[in-house]
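To keep things clear, I will list the structure first and then write my remarks on it.
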Amino acid sequence: MASQSRLTFVNLPVADVAASQAFFGTLGFEFNPKFTDESCACMVVSEQAFVMLIDRARFADFTSKPIADATATTEAIVCVSAIDRDDVDRFADTALGAGGTVARDPMDYGFMYGRSFHDLDGHLWEVMWMSAEAVEQGPADMAQPV
């Protein structure tokens, strides 16, 4: 199958768009003003990946199912990459300092290191670093935590 470049949009319901935008702005994310208003904010993750932070009432217009309460259930894990282990710690520590909460203990597999946090609405985020060798070759097996 031929590789095709696609844009990715992750849509998350939030209680307060402005507060969520401020939280993620603290983490260094920028927002596309063309797709940002009082009911949603288009967070730019990369040239091809975006997170739409959508007011819960507006989010309900896009689904026929009940909206998950991310403080009580996990509907998804959103993971972003880091350039190295120190970047993982800086990112996670900044998120916690801006009002996020620890989701679980750091994950250290030697070739891969990550930390998890919940954002202001309880959505589960991970920030991960993986060694260049593991990215290139793929880990032979999942190493045990160090």
Side-chain angles (χ1 to χ4, degrees), residues 3-56 58-59 62-63 65-146:
S3 176
Q4 183 178 6
S5 178
R6 297 181 188 268
L7 298 178
T8 300
F9 294 87
V10 174
N11 297 274
L12 297 176
V14 300
D16 183 331
V17 173
S20 292
Q21 190 172 356
F23 174 82
F24 287 105
T26 299
L27 295 175
F29 290 104
E30 295 182 3
F31 294 84
N32 184 331
K34 293 179 188 174
F35 301 101
T36 298
D37 62 23
E38 63 281 343
S39 68
C40 70
C42 179
M43 184 171 83
V44 179
V45 178
S46 72
E47 289 183 15
Q48 294 185 292
F50 307 87
V51 175
M52 300 299 295
L53 304 169
I54 306 172
D55 177 85
R56 290 180 68 82
R58 179 75 177 120
F59 189 93
F62 297 103
T63 182
K65 294 181 179 182
I67 299 172
D69 176 357
T71 63
T73 62
T74 301
E75 78 285 21
I77 301 172
V78 182
C79 185
V80 295
S81 63
I83 57 172
D84 57 29
R85 296 170 68 93
D86 289 337
D87 192 36
V88 169
D89 288 332
R90 274 190 299 275
F91 192 97
D93 290 341
T94 300
L96 297 175
T101 58
V102 173
R104 55 186 270 190
D105 291 336
M107 300 158 280
D108 191 345
Y109 295 96
F111 67 91
M112 183 172 68
Y113 175 68
R115 289 181 54 194
S116 303
F117 63 90
H118 294 112
D119 67 17
L120 301 180
D121 291 279
H123 301 291
L124 179 56
W125 289 79
E126 289 186 344
V127 57
M128 291 291 222
W129 162 84
M130 185 180 293
S131 73
E133 296 81 19
V135 170
E136 180 66 30
Q137 300 171 1
D141 55 65
M142 290 300 290
Q144 295 299 313
V146 216

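All values below were derived from every heavy atom in this structure, side-chain atoms included, with hydrogens, water molecules and symmetry-related copies excluded.
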Heavy-atom closest pair, residues [X] and [Y]:
| X | Y | value |
| --- | --- | --- |
| W129 | A82 | CD1-O, 3.9 Å |
| L124 | A103 | CD1-CB, 3.4 Å |
| L53 | V17 | O-CG2, 4.1 Å |
| G114 | M128 | CA-SD, 3.1 Å |
| A15 | D55 | O-OD1, 4.1 Å |
| T26 | A98 | CG2-CB, 3.9 Å |

Beyond-backbone contact of [X] with [Y], side-chain heavy atoms, under 4.5 angstrom:
| X | Y | answer |
| --- | --- | --- |
| F24 | D119 | yes |
| V102 | F117 | no |
| K34 | C42 | no |
| F29 | V45 | yes |
| H123 | E75 | yes |
| V51 | L12 | yes |
| F23 | L27 | yes |
| R56 | I67 | yes |

A70 backbone acceptor or donor facing T74 side chain under 3.5 Å: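 Checked: no pair found.
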Donor-acceptor contact below 3.5 Å, side chain D37 vs main chain C40: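 At least one qualifying donor-acceptor pair exists.
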Ring centroid separation F91 to W125 under 6.0 Å: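 No.
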Residues Y113 and D84: side-chain donor-acceptor under 3.5 angstrom: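 No, because no side-chain N or O of Y113 sits under 3.5 Å from a partner of the opposite role on D84.
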Distance-only side-chain donor-acceptor flag, S20 / D121, under 3.5 Å: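 Yes, D121 and S20 have a side-chain donor paired with an acceptor closer than 3.5 Å.
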Counterpart residues, side chain to side chain contact (heavy atoms under 4.5 Å, CB included), relative to L7 (two or more places apart):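 Checked L7 against side chain to side chain contact (heavy atoms under 4.5 Å, CB included); matches are F9, Q48, F50.
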Residues D105 and R115 bridged, charged N to O under 4.0 Å: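 No salt bridge links D105 with R115.
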Under-4.0 Å salt bridge between R85 and D108: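 Answer for the salt bridge query: yes.
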Nearest-0.5 Å distance that lies between atom CD in Q21 and atom CG in L120: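 Those atoms lie 12.0 Å apart.
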